[in-house]
Amino acid sequence: MFEKVTVPEEGHKIEIAGDALRVPDDPIISFIEGDGIGPDIWAATRRVVDAAAEKKYGGARRIVWMEIFAGDKAQRVYGEGVVMPDDTLRAIPEFVVAIKGPLTTPVGGGYRSLNVTMRQKLDLYACVRPVRWIQGVPSPVKHPEKLNVVIFRENTEDVYAGIEWREGTPEVAKVLAFMNEEMGCNIRLDSGVGVKPISITGSKNIARKALRYAGDRKLPSVTFVHKGNIMKFTEGAFKDWGYELAREEFGDETVTEAELWEKYDGKVPAGKIVVKDRIADSMFQQILLRPDEYSVVVTPNLNGDYLSDAAAAQVGGLGMAPGANMGDFVALFEATHGTAPKYAGQDKVNPSSLILSGVMMLEYLGWQEAADAVVAAMAKTIQEKVVTYDLARQMEGARKVKTSEYAARIAENIS
């Protein structure tokens, strides 16, 4: 089935059964180490995740890891220029759940981004970013504990569709001629042009996933974030289609913010999810000043990119921010930061982003006890002030440790 990937003899595949996953006690899960600091933070993450499974389930459950390749290591395995092997694009959906470190897109490699390529080719339409504060982590805000939000960012459309034409090319000249002469626009002829597609399909897919998430976890609200006051037929439509989906498929579970005041005097009926929307620039202020009013946030691609990083800044930065790319069932968990090549192989950087992505993965498997144990152990380790350099320089009396030592201490603290 694969050219260079070795499928373990042990373990069993995760299966899709109807609208749910059937997870064995020994699932085979694919991993990509990643480039730059990827091997360091992956080794730390694997150690913590394996320790959590062992300590919480005593050998009754365990992950069987299967390495797949992308980026620099793929070139070493498959040959120069092969940065996204077909093996990898087959293995991820075949085994349903995967996790990866950060990847660098080679210059001149024919890819805008390896991450975007994987999202589009595998239809991983939802970028899911939970942002919450872990006690003890230094923060630039007074009350980081008020922020506990999950951002669902549409992953395949908007500006990340990558549809654009360079200024001065014959292609952009055709586009400009059509726009100016046929469509009545007045675009300067020395412009580059990009197209921002937002579809009913993409908008409703991300809205559905967010509303299901909120319903499954009994969260109080879902907020659509958009710039519909200006871009009425793309971002405004994104918001409208989200409300439409909520009415069509979740009508018994939801109430709009307008209905809440018109019908219920502002009091949320028991068991209802409040559906609301905010203009993007206003939401940046809201996430700082009134973060506790938001639990699930749904955005088009670019707004979600900015907003998730701004939220992460309040709880310690991207080093503490996990994430995943998800389709209907297939899920690829990942560190949300870059490869930091100058620190590669130094056993120095903070692996918390990827460890917490491992927590998301454990939750996705239904192994909630192990997931909760990792979060508690990380919080205990940080409160002990046993941390990597990035946190140590912000904490008085901290003991600066290596990546591997930080992971080892978290594993020891799992109970």
Side-chain angles (χ1 to χ4, degrees), residues 102 115 119 125-155 158-160 206-207 209-211 213-214 217 219-227 235 238-239 242 257 273-326 333-338 350-361 363 371 375 378-379 382 390-391 394:
N115 292 321
R119 294 167 187 168
Y125 57 80
C127 178
V128 183
R129 295 274 298 270
V131 186
R132 58 180 169 179
W133 183 63
I134 293 178
Q135 189 173 359
V137 175
S139 169
V141 299
K142 291 181 178 179
H143 294 288
E145 73 281 357
K146 290 185 177 182
L147 179 64
N148 188 355
V149 67
V150 183
I151 298 172
F152 281 74
R153 166 191 170 204
E154 204 290 321
N155 229 357
D158 196 6
V159 295
Y160 271 54
I206 193 71
K209 201 159 193 72
L211 283 158
Y213 183 94
R217 289 158 180 79
L219 297 174
S221 69
V222 171
T223 305
F224 297 107
V225 176
H226 59 94
K227 192 62 178 172
E235 300 216 3
F238 174 87
K239 176 258 296 181
E257 191 172 41
I273 300 167
V274 178
V275 179
K276 52 192 176 181
D277 70 276
R278 297 290 183 269
I279 300 296
D281 45 328
S282 171
M283 187 62 183
F284 273 81
Q285 175 178 259
Q286 294 282 299
I287 208 72
L288 278 166
L289 300 180
R290 301 162 73 171
D292 49 345
E293 294 181 11
Y294 302 93
S295 52
V296 175
V297 170
V298 192
T299 77
N301 194 292
L302 187 60
N303 290 335
D305 199 2
Y306 294 146
L307 190 63
S308 55
D309 283 9
Q314 297 185 53
V315 299
L318 291 181
M320 301 299 300
N325 300 297
M326 295 182 176
F333 300 87
E334 65 177 356
T336 59
H337 53 69
N350 186 348
S352 295
S353 173
L354 193 57
I355 292 173
L356 290 170
S357 296
V359 168
M360 291 179 69
M361 184 189 72
E363 291 176 338
V375 174
M378 181 180 288
I382 292 170
D390 57 315
L391 297 181
Q394 302 177 66

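Side chains included, hydrogens not; waters and symmetry mates left out as well; all remaining heavy atoms used.
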Checklist outcome for this item: Between Thr336 and Ser353 the two heavy atoms that sit nearest each other are N-OG, 3.2 Å
Next on the checklist: Quick check: closest heavy atoms across Leu391 and Pro138, and the distance to 0.1 Å?
Outcome noted: CD2-CD, 4.0 Å
Checklist entry - After noting the C-alpha distance and the side-chain angles of Asp292 and His143, does the key distance pass the side chain to side chain contact (heavy atoms under 4.5 Å, CB included) rule? => result CA-CA 10 Å; Asp292 49 345; His143 294 288; over 6 Å; no
Checklist entry - When you look at Val296 and Thr223, which way does the side chain to side chain contact (heavy atoms under 4.5 Å, CB included) test go after all the steps? => result CA-CA 6 Å; Val296 175; Thr223 305; over 6 Å; no
Next on the checklist: Evaluate Tyr125 against Lys209 for side chain to side chain contact (heavy atoms under 4.5 Å, CB included), listing each step before the verdict.
Outcome noted: CA-CA 10 Å; Tyr125 57 80; Lys209 201 159 193 72; 4.0 Å; yes
Checklist entry - Do the side chain of Ser282 and the main chain of Arg278 share a donor and acceptor less than 3.5 angstrom apart? => result no
Item to check | From NZ (Lys146) to CZ (Arg290), nearest 0.5 Å | outcome: 11.0 Å
Next on the checklist: Any non-hydrogen side-chain atom of Val150 less than 4.5 Å from a side-chain atom of Val297?
Outcome noted: no
Item to check | Heavy-atom pair with the smallest gap, counting every atom of Val225 and Leu307 | outcome: CG2-CD2, 4.4 Å
Checklist entry - Once you round to the nearest 0.5 Å, how far does NZ of Lys239 lie from OG1 of Thr299? => result 15.5 Å
Next on the checklist: Donor-acceptor pair, distance only, cut-off 3.5 Å: does the side chain of Gln394 make one with the backbone of Asp390?
Outcome noted: yes
N/O donor to acceptor pairs below 3.5 angstrom from side-chain atoms of residues 309-325, sequence neighbours left out:
residue, atom, partner, partner atom, Å
Asp309, OD1, Arg129, NH2, 3.2
Gln314, NE2, Ile287, O, 2.9
Asn325, OD1, Arg119, NE, 3.0
Asn325, OD1, Asn155, ND2, 2.8
Asn325, ND2, Glu334, OE1, 3.4
Asn325, ND2, Glu334, OE2, 3.1

Next on the checklist: For the CD1 atom of Ile279 and the CD atom of Gln285, what is their distance to the nearest 0.5 Å?
Outcome noted: 13.5 Å
Checklist entry - Looking only at side chains, do Asp277 and His226 share a donor and an acceptor under 3.5 Å apart? => result yes
Next on the checklist: Testing the basics here: between Pro291 and Leu147, what is the closest heavy-atom pair and its distance to 0.1 Å?
Outcome noted: CB-CD1, 3.8 Å
Checklist entry - Under 4.5 Å between any side-chain heavy atoms of Phe224 and Glu235, yes or no? => result no
Checklist entry - Is there side-chain contact between Gln135 and Met378, with at least one heavy-atom pair below 4.5 Å? => result no
Checklist outcome for this item: Scanning both residues in full, the closest heavy-atom pair of Ser295 with Leu219 reads OG-CB, 4.1 Å
Next on the checklist: Before you tell me yes or no, could you show the steps for Asp305 and Arg153 under side chain to side chain contact (heavy atoms under 4.5 Å, CB included), namely the whole-Å CA-CA distance, both residues' side-chain angles and the distance that decides it to 0.1 Å?
Outcome noted: CA-CA 7 Å; Asp305 199 2; Arg153 166 191 170 204; 3.6 Å; yes
Item to check | Contacts of type ring pair (Phe, Tyr, Trp, His ring centres under 6.0 Å), residue Phe152, not counting sequence neighbours | outcome: Tyr213
Item to check | Cation over ring face, Lys276 and Tyr294, 6.0 Å, 45° | outcome: yes
Checklist entry - Are side-chain heavy atoms of Leu356 and Leu354 found at a separation under 4.5 Å? => result no
Next on the checklist: Would the distance check show the side chain of Asp158 and the main-chain N or O of Leu302 forming a donor-acceptor pair, the cut-off being under 3.5 Å?
Outcome noted: yes
Checklist entry - What pair of heavy atoms forms the shortest contact from Phe333 to Ser357, and how long is it? => result CD2-O, 3.7 Å
Checklist entry - Is any side-chain heavy atom of Glu154 less than 4.5 Å from a side-chain heavy atom of Val298? => result no
